[in-house]
Every structure is written in C-alpha cells, then in structure tokens.
There are 2 protein chains.
Amino acid sequence: MNTILSRDSQVRIMETTVANAEKYFGLFCTLMAAYTRKTAKLRDKSDLLVKQILDYANTENPELRNTMKRFAEELAKVQDYRQAEVERLEMKVVEPLKRYGVQLKQMRTEIKRFNSVRNNEIKQLEKLERLRQKSPSDRHTLSQAESNVHKASVDASRTTQQLEETIDEFQKQKLTDIQKIFLDFVTVEMVFHAKALEVYSSAFQILTDYDLERDMEDFRAKLHSASGNYDARPVSSTNPSSSLPWSSSSQSIHSTPQRQEESEYDAEEHRLQDFSDPEEAPTRRPRHSRTNQPRS
Amino acid sequence: MNTILSRDSQVRIMETTVANAEKYFGLFCTLMAAYTRKTAKLRDKSDLLVKQILDYANTENPELRNTMKRFAEELAKVQDYRQAEVERLEMKVVEPLKRYGVQLKQMRTEIKRFNSVRNNEIKQLEKLERLRQKSPSDRHTLSQAESNVHKASVDASRTTQQLEETIDEFQKQKLTDIQKIFLDFVTVEMVFHAKALEVYSSAFQILTDYDLERDMEDFRAKLHSASGNYDARPVSSTNPSSSLPWSSSSQSIHSTPQRQEESEYDAEEHRLQDFSDPEEAPTRRPRHSRTNQPRS
C-alpha cells in the first residue's frame, strides 16, 4: 500500500499543478483581454479627440489652424501605434493564453485515466484482502486474485510513468509558455511606448513652433477690417464676415465646459456621436481594419 | 448707420470666437477627462494583473516564483507612473480646460453689455428719425434727440473699443492657453512613455534571466520525492505534500481559460473581486492616494 500512498501524493501534486495553471492562466487571459479592451477604448477616445482638434483647427486663423492640424496628425499616429499594440496583444498574449485551455483539458483527461487505473489496483487489492479473510484455504481463487492484483499493479506503474512523462512535458511547456507570453507582452508594450515617445517628441516640436504673435496680428487685422475703425493690415477680402474661416461655424452652442464636464458618461457619448461624421475620419491614411473592442 | 453695420460684423466675429471656444474647449475638456478616466481604468486592470501574478508566483517553484515576483514589481512600477500620468492630466489638462468656462462666461457678459449699449444707440437713432418725420419743425425736441443720439454714439464707441481690447486680451490668452494645455498634455504623455519604456526594459531582462532548466530540476525532484520511485535529487523535507509551495493552494477551480474569456464584463468583474483581498495589495510601496476614476 506504500506505493499507492506515494502515488497518491504524486497525483495530488499533478492535480494541483494543473488546477493552478487553469486558475491563473484563466485569470491572466481574462485580465489581458480586459487590458487590451481598455487600451482599445483609450484609442477610441483619442480618435475622437483627434477629430475635434481637426474640427477646431478649421475655426482658427492659418497659424493655429496649421499647428492644430499637424498636432492632430501626430496624435492620430500614436493611435495607429496603439491599434497595432491592441492587435499584437490580442495575437501574442490573449490568444496563446486562450489556447492553453485546450492543453489543460488534455491534462485533466490524462489524470482521470490514471486515477481509474489506480482505483482498479486498489479494488483488486481489497478483493484479495476479502478473499484471504473469507476463504484463506481456497488456493486457486487466491492465486487468481493475486494475479489480478499483480496485473493491476503493473498497469498502474506503467500509467504512473506515462503520466509522469506527460506532466513533465506539460510543466516544461507551461514554463516556456509563461516566459514567452510575458516576454511578448513586454515587447509589445515596449514597441508601443518607444513609438509613442518618438511621435510625441515631434508633436512637442510642432506646438513649440507655433507663432502666437503672428496669429494675433491676423486676428487683429480681421477684427479691424470688420469694424473699419482702425488702420488695419491689408486684407484681400472686402467682405470679412463671409471670408473668415470661422464664419460658417455653428453659433448656437451655449453649453459651458463645466456643464459638459459634469455630464454623465451616457450623455457624453451621446454628445460626441453628434460629431462622428464618417466623412471626416480623424486620419486619412489607410488603417488596419479596427475592431471596436477586441473580444474574439 | 454704416458704423453700426460694421460694429455688427465685428460683434459677430467676437460672438463666433467665443462660441467656438465654448464649443471646442468644452469638447476638449470632456474628451481629456474621458481619456484620463480610461487611463485610470487601464491602471486598475494592470493592478489586478499584478496581484494575480504575485498570487501565481506563490504557487510556483523558487526560480519562477522569484522571476514572477520581480516581474510583477516592474509591472506595478509602470502603474505608479500611470497613476502619476492620471494625476498630471487631471491637474495640467482637464482642470485648466474646466477653468476656461469661467472666462468664457465673463466674455459673454461683456458682449451682452456691449449689445445693450449698441441697441440704445439704434433706439435713439430711430427716435430721432421718427421725430424728424412727425415734427420736423420742433427744433427743441429735435435738438434734444440729436444730443441723445450723440451721447449714445459716444457710449457705443467707447464700449466698442473696450470690447475690442477685451476680446484681444481674450484671444491672446486663449491662444496661449491652448498651446500650453496641449504642450502640457504632450509632456505628461512623454514622461509616462519614457518611464514605461525604462521599466519594461528592466522587466524584459528579468524574464530573459529566468532559468527554465533549473526550475524543471526542482519540479522533477519534488515529483520524484513524492513518488519515491526514482533516484531523486536530495530534498530536505520528508513530507513533500505539505512542504511544497503550492500544496496550500485551492484545488477546486475547474473553469477553463475559454470560459473565463467568454464571460461578459460584469461576470468578469465579479470573478476578479473574489481575489481582491485588501491585505494583499499589488504593491506594498506607499502610493499617492488613488482615486478610482478621476471625475472631480
């Protein structure tokens, strides 16, 4: 019975190993998928921001308009890299973790098969014990039962060794995979952060280059050309109110930033949808087809 | 009347400038607040991941346990930087945009005041016109009305100039602010991405340094020490099932990664709450007090 007891603790180790893998790889999969979805939502908000900056640019004078458009372009680039991040996380982190479920099911089947063989060995041993007490002189039946015990024992030993090999292979694969999956996660993140840093550096330069004084000169010229009260800088148009870049913009917006800020999530989503004209996509560059939220 | 018409188009420019500022600064405020909230949610998911990696580490052999703990520490550092990012975005981007609402309200009051002065000028002009048609010979009344028109006209001119100065100041401040706010946004993002890149580089090294073979030797030794069937590496403990690091872990988890992955958001949140023991915070280092979602 000592062999059976030690097999018992061995099978407990195996079962615990598989149970832990199921628990934690499952949790990692759920959390990595959630992390990827939150990243996709951050990208979505940023896309809306890009669109509004471009819209805003069109209401301003050439100097700020140009700066805002170039800034929005850079911000859109960061979102392209974020989109690549989302796709890579999905492919290199979430999917491999998901595939793990299949391997874990196979391991469970192996352990179940081992348990049934082991239970047979115990059953044969118990049968032999009962026979020895009931009919200690029935040599023939006892010999038969001893033979059955021996056979079951050999089966159990062979299966134990097979299971040990399987669990060894499983553990090795698990350790390799966990290292690879987290390394891939870190690599995907590093690439994104490096690219984002590069693009934001360029965005910083664009904003720094903005010439406020030149912008103010334009503004004053247009204002004075409209009033006719002052010596204005020469302005080509004689009908300023229709030639001004912002004159066609809506004038009936009376909500203040405070009110918009305090609005609840749904209201905010609703507001922003009003501006989501597909004809005015934030960036014109061809993009990888984006899923709204990677859930596959 | 020509002066009044040109004042009219001037006031339209001013109103449009303020209306555009209200619209777009309001939208930027809403979107930046949403961006900050999504970033905070990404941090929250990552915190949960850190916690689960630490829990998982405790179910593994020393080699992987050590690697996972050090990896989780790095991942927690990224979240600390993300938290700093959230706080800085709130302080340097969302708040200044919010404060803009107050300035815009003041501008609206100025324009309203200007309009009432301008309307008085028109009213006096119309009164004079009516008098000229009704009683063209009433010199005294006409002279009085002419005097009122002159007074109203002087008032309007003075107010126009005041408004022009105010709008000039407002526009200058607006352009300065928009440049500063977006520069601050870019700077906050750059700092975060640079720090994240640095920490992930260190995390990459930690994962690369992991010695899989050594881990497997430990695993085999423990498995064989439990079975007693093979020449195992010397293991100090004689009661492997209780000395194994994972022996105290829960064994009743039967959910597969697939099932967890397919679960809806609510279910997922519910699952993960089961593990959120406040005694086992992801990182032990003192943190800035974190708000769950910056909404202030």
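Just so you know, these numbers come straight off a predicted model, no measurement behind them. In what follows, chains are A, B, ... by sequence order, proteins preceding strands, each numbered from 1.
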Euclidean distance, [Y] [atom2] relative to [X] [atom1], rounded to 0.5 Å:
X       : Y       : atom1 : atom2 : result
T17(A)  : E60(B)  : OG1   : CD    : 7.5 Å
L207(B) : I181(A) : CG    : CD1   : 11.5 Å
E189(A) : S46(B)  : CD    : OG    : 8.0 Å
T39(A)  : K45(B)  : OG1   : NZ    : 11.5 Å

With a 4.5 angstrom heavy-atom cut-off, could you sort out which part of [X] is near chain A: side chain, backbone, both or neither?
X       : answer
T176(B) : both
K174(B) : side chain
L183(B) : both

Trace of the side-chain contact (heavy atoms from CB on, under 4.5 Å) decision for D168(B) with M216(A): CA-CA 8 Å; D168(B) 190 273; M216(A) 281 307 291; 3.7 Å; yes
Which atom of A203(B) lies closest to which atom of V186(A), heavy atoms considered: CB-CG2, 4.2 Å
message: Ignoring hydrogens, what is the shortest heavy-atom contact between Y35(A) and L42(B)? Give both atom names and the distance.
response: O-CD1, 3.3 Å
query: Taking it one step at a time, do F185(A) and L75(B) satisfy side-chain contact (heavy atoms from CB on, under 4.5 Å)?
result: CA-CA 11 Å; F185(A) 170 74; L75(B) 208 53; 3.7 Å; yes
message: Restricting to side-chain hydrogen bond (donor to acceptor under 3.5 Å, both in side chains), what partner residues turn up for K180(A), sequence neighbours left out?
response: D184(A)
query: Listed by chain and number, what are the side-chain hydrogen bond (donor to acceptor under 3.5 Å, both in side chains) partners of E63(B), not counting sequence neighbours?
result: none
Would you say [X] and [Y] make side-chain contact, with heavy atoms under 4.5 Å?
X       : Y       : value
K23(B)  : T59(A)  : no
L175(B) : F219(A) : no
M14(A)  : L223(B) : yes
M190(A) : E198(B) : no

message: For Y200(A) and H193(B), take the angle between the two ring planes, folded into 0 to 90°, and tell me which bin it lands in: parallel under 30, tilted 30 to 60, perpendicular over 60.
response: parallel
query: Taking the inter-plane angle between the rings of Y56(B) and Y24(A) on a 0 to 90° scale, is it parallel (under 30°), tilted (30 to 60°) or perpendicular (over 60°)?
result: tilted
query: Sub-3.5 Å donor-acceptor pair from the side chain of Q52(A) to the main-chain atoms of F28(B), do we have one?
result: no
- prompt: Measuring heavy-atom distances to chain B, does T67(A) have an atom under 4.5 Å in its side chain, in its backbone, in both, or in neither?
  reply: neither
statement: So, the part of I206(A) with a heavy atom under 4.5 Å from chain B: the answer is neither
